[in-house]
Amino acid sequence: MKWLKIRTLLLLSAIFRVILIVYGEWQDTHMEVRYTDVDYLVFSDAASLMANGESPYKRTTYRYSPLLAFLLTPNSFIHRSWGKFIFSAADLFVGSFIQYILKKREVPEDMCLYSVMAWLLNPFTFTIGTRGNCEPIVCAMILWIIICLINGNVVQAAFWYGLVVHFRIYPIIYALPIVLVLDPHSFQSGQKPCLVNWKSSQDNASHSRKDVSEVHGVWTALKTIFTRGRIMFAMISGSVFILCTGLFFYLYRWEFLNEALLYHLTRTDPRHNFSIYFYHIYLHVEHEFSVVEKLISFLPQLIVQLVLVIRFAQDLPFCLFLQTVAFVAFNKVITAQYFVWFFCLLPLILPWSRMKLKWEGLSCVLLWMGAQTHWLLWGYLLEFKGKNVFLQLWLAGLVFLAANTFLLIMFIRHHKYSPVFKQSGRATSGNRDKSE
């Protein structure tokens, strides 16, 4: 792949996305099945209302921050595809950020390129932005936060973290690993943190295994959690979140709070989706769920999140990836757009994976796609043929959960644990051992 450079890949990807957007306009005009995501029509209507000085929440089913509608106001006076270009540009930024993060950790050029291709040439990801889904913006913000952290810009990372949680509530699950990563031994005042590069993590396998087993290190971090860097991160990110939320509450009152925030926290969608909980919700849609029922559905997610954070927090990209896969797999509502949340983190862990594409990697891809296709088959029979296949669809959801769980286990087993940041104490002792 020496002939292909990252700039060429980004340019070709940009041209391809422009072609898809133009084709989408043609398909929407001439074919019965639309290319544009229905959510994009909701975004556009909300943006049009905002451009006219009205509340975006007058558009039913608009359940996002007003910031999204504001970004898409040019849809009304430039072109209706403006938002698609914004989302596709964010998609390209994600590819660029992946390359930057891997280069900072001194990953070989070819491996960087393959990892970027895993995002830019993924059919699922390049159609998301061109169809008008806003998730690439969230992905770009999350990767930018990682970049800020590896460059030692804690204040900037905190600002963007507060903003992304306001924009899309799910990144709140990343709060604990980010706080744990802000170790005073790694983030010292006035100094950029030292990164563990790719080569050293490959050469020092025994050290990696030792770090994985050192759970007491995380407990030590928890005991001394109130450090200057962590308090500053919490205060800045919390202030940004409260400021944005307060501003829009002042402008749009309870309508904003209910639709953009509270809805996502208490959402119980009776429509069929990949979640194993949808069938129970569908059968009991008429009555309010008890506290015990809500707790039972929330506990597995919470326990898995805590275990993953305690075990892998210092290997930040890997921890965020595992958290996101687990969060989506155990969520009460799962739609296809949620998969983009962990696709953007996957390229950041590929260079540290011992999984070979030819066998283990290919089997994982086929298993995940097969489980999804199996679910989609029953979904098609229900949605388009009107068949009563709710039970079969629920069983297909169980199969999909099993496939996601298997993938988590495979990634953990084949991953070479590598903390992102060197700790000053460990770095010194490592140098002393070499000199001896």
In terms of ring plane angle, is the pair [X] and [Y] parallel, tilted or perpendicular, where the classes change at 30° and 60°?
X      : Y      : answer
Phe318 : Phe312 : perpendicular
Phe43  : Tyr62  : perpendicular
Tyr23  : Tyr35  : perpendicular

Taking C-beta and beyond as the side chain, do Leu182 and Leu149 meet within less than 4.5 Å on heavy atoms?
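Side chain of Leu182 against side chain of Leu149, heavy atoms only: contact under 4.5 Å found.
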Heavy atoms only: give me the nearest [X]-[Y] pair and the separation to one decimal.
X      : Y      : value
Val196 : Lys422 : CG2-CG, 3.6 Å
Leu350 : Ser115 : CB-OG, 4.1 Å
Cys364 : Leu407 : O-CD1, 3.7 Å
Gln337 : Ile128 : CA-CD1, 4.3 Å
Asp39  : Asp37  : N-OD1, 2.9 Å
Phe400 : Ala371 : CD1-CB, 3.9 Å

Residue that, paired with Asp45, satisfies salt bridge (Lys or Arg N to Asp or Glu O under 4.0 Å) out of Lys58, Arg59, Arg80
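The single option meeting the salt bridge (Lys or Arg N to Asp or Glu O under 4.0 Å) with Asp45 is Arg59.
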Taking Glu25 as the fixed residue, which of Arg131, Arg34, Lys84 is the one that meets the salt bridge (Lys or Arg N to Asp or Glu O under 4.0 Å) rule?
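Going through Arg131, Arg34, Lys84 one by one, the salt bridge (Lys or Arg N to Asp or Glu O under 4.0 Å) with Glu25 is satisfied by Lys84 alone.
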So, for [X] and [Y], is the gap between ring centers shorter than 6.0 Å?
X      : Y      : result
Phe343 : Trp368 : yes
Phe327 : Phe342 : no
Trp119 : Phe126 : no
Phe274 : Phe339 : yes

Full working for ring pair (Phe, Tyr, Trp, His ring centres under 6.0 Å) between Tyr338 and Tyr170:
CA-CA 10 Å; Tyr338 293 2; Tyr170 87 89; 8.0 Å; no
Can you name the ring pair (Phe, Tyr, Trp, His ring centres under 6.0 Å) partners of Phe85, sequence neighbours left out?
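For Phe85, no residue satisfies ring pair (Phe, Tyr, Trp, His ring centres under 6.0 Å) once neighbours in sequence are set aside.
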Looking at Phe167, is its backbone amide N or carbonyl O close enough to the side chain of Ser65 to form a donor-acceptor pair, meaning the two atoms are under 3.5 Å apart?
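Checking the backbone N and O of Phe167 against the side chain of Ser65, no donor-acceptor pair under 3.5 Å is found.
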CZ/Phe411: more than 12 non-hydrogen atoms of other groups inside 6.0 Å:
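Yes.
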